[in-house]
Amino acid sequence: YTEGMQKKEFSTHIGGKKVVAEFNGLAGKADGSVLLRAGGTVVLVTAVMARTQAEKIDYLPLTVDYEERFYAVGAILGSAFVRREGKPTEEAVLAGRMIDRTIRPLFDPRIRNGIQVVALVLALGDDDAKMLARLGASLALGASDIPWGGPVSAARVTAEGYRLVACGKSGGINMIELEGREVTERDIVAALESAQKEIEHLQKWQEQVLAEVGKEKRKIVFAPASLEDIAEVEKRGGGGGGR
């Protein structure tokens, strides 16, 4: 906990339900953090980026963890002497991957500093903790000094025969998860249009929030491409170097 940090709260409605985003000193060591509440569901999301670049890697070192705790539903796993949470469930792993797929395209792919986003479910009520975690990841990154091209929002559309989750920003959608059977193209287009309206609503709200709590983004100096890399790109692109 960071003493002296002024708590700020912002609220909006998603699907007719009130969602509260609280920025406080609860995770004071993180580069960015937010506590999200909707009904009886509470999720803490933190974002951290290493100060130094990892060596000998050629990819963006981003890790996303979605962590469920048994105490979130008032239960304890194990005996009176051994209380363990157990390994992540398949649903938790998939929830982390969905957050990853949503936020990863908005990072500069040249970044080699390790980045970790953790969504911790503190209390589980009737509201969907996974949707709060997706929103929280965007807010935590946006409030931090981590260079990132967000915010990004997610919306869920459920109807008879299908369930769709769409994520996106700036009038576009960059990730879709769809579960259904024998769904017409017209139904999917209508669902995406409905999701887009919700995404735009959340985007405007996030922009207002981050205008108040966002930090100046960290500057990263990228090493220039080597002659070998340039030669390889020219070779794969036709080698002419023409415009």
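Side-chain N/O atoms of Glu200 and Gln196 include a donor and acceptor closer than 3.5 Å. A donor and an acceptor atom, one from each side chain of Gln203 and Ser153, are located under 3.5 Å apart.
Hydrophobic clustering (side-chain heavy atoms under 4.5 Å, transitive across Ile, Leu, Val, Met, Phe, Trp, Tyr) groups Ile115 together with Val34. Note on Leu62 and Leu135: same hydrophobic cluster, where clusters join Ile, Leu, Val, Met, Phe, Trp and Tyr whose side-chain heavy atoms are under 4.5 Å apart, directly or indirectly. Hydrophobic cluster membership is shared by Val45 and Val19, with clusters built from Ile, Leu, Val, Met, Phe, Trp and Tyr side chains linked at under 4.5 angstrom. Both Val152 and Trp205 belong to a common hydrophobic cluster when Ile, Leu, Val, Met, Phe, Trp and Tyr are linked at side-chain heavy-atom distances under 4.5 angstrom. Placement of Ile99 and Ile173 in two distinct hydrophobic clusters is found when ILVMFWY residues are connected by side-chain heavy-atom separations under 4.5 Å, directly or transitively.
Proximity of a side-chain donor or acceptor of Arg110 to a complementary backbone N or O of Phe222 within less than 3.5 Å is not detected. Not a single donor-acceptor pair under 3.5 Å links the side chain of Asp100 to the backbone N or O of Thr63. Not one N or O on the side chain of Arg37 forms a donor-acceptor pair closer than 3.5 Å with the backbone of Glu22. A donor-acceptor distance shorter than 3.5 angstrom exists from the side chain of Thr41 to the backbone of Asp127, with no hydrogens or angles considered. Of the possible donor and acceptor atoms, one in the side chain of His201 sits under 3.5 Å from a partner among the backbone N and O of His13. Side chain of Ser144 to main chain of Leu141: a donor-acceptor pair is present (N/O by atom type, distance under 3.5 Å, no hydrogens or angles). For the pair Arg112 (side chain) and Pro109 (backbone), a donor-acceptor distance under 3.5 Å is present. Panel note: side chain Asp65, backbone Glu67; no donor-acceptor pair is recorded below 3.5 Å. In terms of modelled atom types and a separation under 3.5 Å, the side chain of Asp145 and the main chain of Glu216 share no donor-acceptor contact.
Annotation: Lys217, atom NZ; neighbour count of heavy atoms from other residues, nucleotides and ligands within 6.0 Å is above 12. Open room surrounds OH on Tyr59; 12 or fewer heavy atoms of other groups in view lie less than 6.0 Å from it. Residue-environment remark: NZ (Lys204) stays at or below the threshold of 12 foreign heavy atoms within 6.0 Å.
Here the CZ atom belonging to Arg163 is positioned 8.5 Å from the CG atom belonging to Leu178, to the nearest 0.5 angstrom. Interatomic distance, Glu207 CD to Leu202 CG, rounded to the nearest 0.5 Å: 11.0 Å. In this structure, CG in Asn174 is found 9.0 Å from NZ in Lys169, a value given to the nearest 0.5 Å. The distance from atom CG of Asp187 to atom CD of Glu185, rounded to the nearest 0.5 Å, is 10.5 Å. Here the straight-line distance linking atom CD of Glu68 with atom CG of Leu120 works out to 10.5 Å at 0.5 Å rounding. Here the CD atom belonging to Glu198 is positioned 6.5 Å from the CD1 atom belonging to Ile14, to the nearest 0.5 angstrom.
A salt bridge does not link Arg97 with Glu177: every distance from a Lys NZ or Arg NE/NH1/NH2 to an Asp or Glu carboxylate oxygen is 4.0 Å or more. A salt bridge links Asp31 to Arg51: one of the charged nitrogens lies within less than 4.0 Å of a carboxylate oxygen.
Nearest heavy-atom pair across Ala155 and Ala195 is CB-O, 3.6 Å. Contact between Ala54 and Ile57 at its shortest, heavy atoms only, is CB-CD1, 3.7 Å. Shortest non-hydrogen contact noted between Ala137 and Ile103 is CB-CG2, 4.5 Å. Heavy-atom minimum distance, Lys130 versus Asp128: N-OD1, 2.9 Å. Shown here for Ala129 and Val121, the closest heavy-atom pair between the two residues is CB-CG2, 4.0 Å. For the residue pair Arg218 and Ala50, the shortest heavy atom distance occurs at NH1-O, 3.3 Å.
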Verdict with reasoning, Leu122 to Leu35, per side chain to side chain contact (heavy atoms under 4.5 Å, CB included): CA-CA 10 Å; Leu122 299 179; Leu35 191 70; 3.8 Å; yes
Side chain to side chain contact (heavy atoms under 4.5 Å, CB included) between Thr12 and Gln206, intermediate numbers included: CA-CA 10 Å; Thr12 187; Gln206 286 195 74; over 6 Å; no
Stepwise side chain to side chain contact (heavy atoms under 4.5 Å, CB included) check, Leu36 with Leu139: CA-CA 10 Å; Leu36 281 170; Leu139 287 171; 4.2 Å; yes
Derivation of the side chain to side chain contact (heavy atoms under 4.5 Å, CB included) call for Val157 and Tyr162: CA-CA 8 Å; Val157 180; Tyr162 69 88; 4.1 Å; yes
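Only one option out of Val209, Val20, Leu210 pairs with Phe10 in a side-chain contact (heavy atoms from CB on, under 4.5 Å); it is Val209.
Taking 4.5 Å as the limit, every side-chain heavy atom of Pro147 sits out of range of all side-chain heavy atoms of Asp108. Counting heavy atoms from C-beta on, the side chains of Cys167 and Ile199 never come closer than 4.5 Å. Within the 4.5 Å cutoff, side-chain heavy atoms of Trp148 are placed close to those of Ser138.
Taking Arg101 as the reference, nothing meets the side chain to side chain donor-acceptor pair (under 3.5 Å) condition, with sequence neighbours excluded.
Side-chain heavy-atom separations under 4.5 angstrom define the hydrophobic clusters, and the remaining members of the one that includes Val165 are Met98, Met131, Met175.
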